[in-house]
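Taking it in order: structure first as structure tokens, then the write-up.
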Amino acid sequence: MNMNVSKRLEEGLVSLLSKSTTTLKTSKQTHAHLYVTGLHTHPFFFGKLLLQCAISISDHALQYALRLFHHFPSPDTFMYNTIIRSLSHSSTPLTSLQPFIQLLRHPTLFPDSFSFAFVLKGVANYGYLKRPGIQLHSQAFRHGFDDHIFVGTTLISMYAECGCYVSARKVFEEMSQPNVVAWNAVVTACFRCGDMEGAWGVFQRMPIRNLTSWNVMLAGYVKGGELGFARRVFSEMPMRDDVSWSTMIVGFAQGGSFDDSFGFFRELLREGIRPSEVSLTGVLSACAQAGAFEFGKILHGFMEKAGVLCIVSVNNALIDSYSKCGNVDMAKMVFQNMPVVKCTVSWTSMIAALAMHGRGEEAIRLFHEMEKSGFTPDGITFISLLYACSHSGLVDQGCALFSKMKDLYGIEPAIEHYGCMVDLYGRAARLQKAYEFICQMPISPNAIIWRTLLGACSIHGNIELAELVKARLTEMDPNNSSDHVLLSNVYAVAGKWKDVAGIRRTMIEKSMKKTPGWSMIEIDKVIYGFVAGEKPNEVTEEAHDKLREIMLKLRTEEGYAPQVRSVLHDIEEEEKEDSVTKHSEKLAAAFGIAKLPKGKVLRIVKNLRVCGDCHTVMKLISKVYQVEIVVRDRSRFHSFKDGFCSCRDYW
DNA sequence: ATAGGGTTAG
């Protein structure tokens, strides 16, 4: 071949191989190019190709990279590192140990600082130490990389992710020349292990603080629920970037302060900053939290104009937002028309969307489609699936999926998976089975697991088991008001009023506060919040007036009578008989009927579970007023139409 | 020759 031609060809290939965003299809084409030119055995070109496939977030590309790697006659350290790196970022991060060990045992190759940094990151992402982490640390020492700045920094985050706070701090203190990234890593480690004072102390000691250090502080406070501190740091930082804004927007949304969250976004726009796709997805997640459907739609349009719909995470956020705003069909539209290759998160978000809306069978069908399309589900996919089964009463399917997760996909069940299984049996009235399941769990059950079973006891009225479970909960979390309320409901259903009164007394003695229930409704892009028993204002007055009118209509036309049982949910309310008529979701619905134009869907978001009486009232309103009402409660959606609910009264 | 650690997004 002519020298110039071959030089030009090589340059062309290098530029092809250097593209950071590629699809599997173009990578395969590049592979074909290499093959034709005979360069596919050339370590440099092949290495580049491998990297291109491996860094792509696509599942298929990773599998393709693994196949390429296994067929390459003699991979070099760079290729090993590439594979270790991509596995450490995958849903099964511990699998990165396998090529690393191969590299360690290789007769002529040696691991370098990259190999250690990548494999340690894998253990960090796995988040559970036991032996591999410590062994890797000693191997790094043996190979002389433990004081390497990148390896050291990853060691800090690995120990912190695995909960070994002391080791994380020790690695840092022993570093000969920590740079600002290492300082940031140790601050993150403090937050990660719950030591807020420690984090502040280290932050004060830092020799240099760049923007990221401040962002680390913001993120730490936000995750620890210290929004006041976060706000202070935010106002004091010398400059802010997109990450700073996103952290505040998402943090306040997760803390339930939606006004603040949207306020930060408006401020960002006022300052003339062009929001990136991350801050846009952040605001969108705030919409999802708040159930602000109309605002979410505006953002969707904004994203289209900004040209960010080609980014997969933006589509995932849209699916999540639409479904959490009660519009599962719009979520499906986004999912089906994605202008970019889907990833595991896209499928999982769609499965979760169907699950939340009680469309369990459809969620399972979509999962099978996901498998057929060659995508690998992760732990969260299975949480969504098990949730779908428990909310649709699909006990057998749920059990089968739980086994499949362990046996076929090798995913070790986390506490959340066990929680779903307890819920699955419990809701389906198989209380004994749920109890036995908890007793033979390989990890020790936490309060949430027991609380799930207590909830099931209260639905199905099993006093004996409820008392046993409550005793366990009292040992673990003695001052939890919702546990007391749940047990008192069990007594109330059985007519054991003395016991109900006893619990009420205990709660007063311990001055326990029941979580106040609130509901929100969005009307003309404004979000209105209602809290039961709050001081009257213009809005609540109007809601109350309309609610009285509605209730009268329901009594006369549908023979509705308030359900006594639900009154008992509010055992702390002074005016018991009256309280059930004042539940926040009823007020929100009444306000919606008064304000929204006819034909519009009423979308209500509630922080607690919807009570039995409100559920009945919503069904009746949907029939009498011929209106569709979508209520999102703390665990799922209820779609009321023509007197029926999508949950088929199973919730 | 090629890549890497700390902050935001299910």
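First the proteins, then the strands, lettered A, B, ... as listed; each starts at 1.
A:Ala117 comes within 4.0 angstrom of nothing in the nucleic acid, heavy atoms only. Among the atoms of the strands shown, base atoms are found under 4.0 Å from some heavy atom of A:Val278. When heavy atoms are screened at a 4.0 angstrom cut-off, A:Ile156 is found touching no nucleic acid atom at all. Within 4.0 Å of A:Thr348, counting heavy atoms only, lies at least one base atom of the nucleic acid. Residue A:His89 is out of contact with every strand shown, counting any heavy-atom pair closer than 4.0 Å. A:Thr212 comes within contact range of at least one nucleobase, with a heavy-atom separation under 4.0 Å. A:Leu51 comes within 4.0 angstrom of sugar-phosphate atoms only, judged by non-hydrogen atoms across all strands, and of no base. The residue A:Asp320 sits close only to the backbone: its heavy atoms come under 4.0 Å of sugar-phosphate atoms, none of a base.
Of the candidate nucleotides B:dG10, B:dG4, B:dT2, B:dG10 has the atom nearest to the side chain of A:Thr381. Residue A:Ser285 has its side chain nearest to B:dG10 when only B:dT2, B:dT7, B:dG10 are considered. Listed nucleotides: B:dT2, B:dG10, B:dT8. Nearest to the side chain of A:Asp76: B:dT2. With B:dA9, B:dG6, B:dG4 as the choices, the nucleotide that has an atom nearest any side-chain atom of A:Phe150 turns out to be B:dG4. Distances were taken from every side-chain heavy atom of A:Ser113 (C-beta onward) to each of B:dT2, B:dT7, B:dG4; the shortest belongs to B:dG4.
Between the side chains of A:Asn184 and A:Ser213, a donor-acceptor pair is found at a separation under 3.5 Å.
Straight-line distance from the CZ atom of A:Arg192 to the P atom of B:dG6: 13 Å, rounded to whole Å. Across the protein-nucleic acid pair, A:Lys342 atom NZ and B:dG10 atom P stand 19 Å apart, rounded to whole Å. The interatomic distance linking A:Arg85 (CZ) with B:dT2 (C1') rounds to 12 Å, in whole Å. As rounded to whole Å, 13 Å separates atom P of B:dT2 from atom CG of A:Asp112. Protein atom CG of A:Asp241 is 14 Å distant from nucleotide atom P of B:dA9, rounded to whole Å. Going from atom CZ of A:Phe172 over to atom P of B:dG6 covers 15 Å, rounded to whole Å. The CG atom of A:Asn184 sits 12 Å away from the P atom of B:dT8 (whole-angstrom rounding). Across the protein-nucleic acid pair, A:Lys324 atom NZ and B:dG10 atom P stand 7 Å apart, rounded to whole Å.
Here A:Phe44 lies parallel enough and close enough to stack on the base of B:dA1, with planes under 30° and ring centres under 5.5 Å apart.
Taking 3.5 Å as the limit, the base of B:dG5 and the side chain of A:Thr154 contain no donor-acceptor pair of atoms between them. A donor-acceptor contact under 3.5 Å is not formed by the side chain of A:Asn315 with the base of B:dG10. Side chain A:Ser346 to base B:dG10: no donor-acceptor pair is found below 3.5 Å. Residue side chain A:Asn179 does not reach the base of B:dG6 through any donor-acceptor N/O pair under 3.5 Å, judged by distance alone.
By the 6.0 Å and 45° rule, A:Lys342 does not stack over the aromatic ring of A:Phe375.
Counting only distance, with no hydrogens or angles, the side chain of A:His357 and the backbone of A:Arg359 share no donor-acceptor pair below 3.5 Å.
Under the 30°/60° scheme for interplanar angles, the aromatic rings of A:Phe264 and A:Phe252 are found to be tilted. Ring orientation note: the planes of A:Phe46 and A:Phe72 are close to parallel, at an angle under 30° on the 30°/60° scale.
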Does A:Phe114 form a ring-ring contact (aromatic ring centres under 6.0 Å, His included) with A:Phe78? I'd like the steps, not just the answer.
CA-CA 9 Å; A:Phe114 288 93; A:Phe78 179 82; 8.2 Å; no
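In this model, the phosphate group of B:dT8 is approached by a side-chain N or O of A:Lys223 to a distance below 4.0 Å at OP1 or OP2. The side chain of A:Lys121 places no N or O atom within less than 4.0 Å of a non-bridging phosphate oxygen (OP1 or OP2) of B:dA3.
A salt bridge is absent between A:Arg274 and A:Asp242; no separation between the charged side-chain nitrogens and carboxylate oxygens falls under 4.0 Å.
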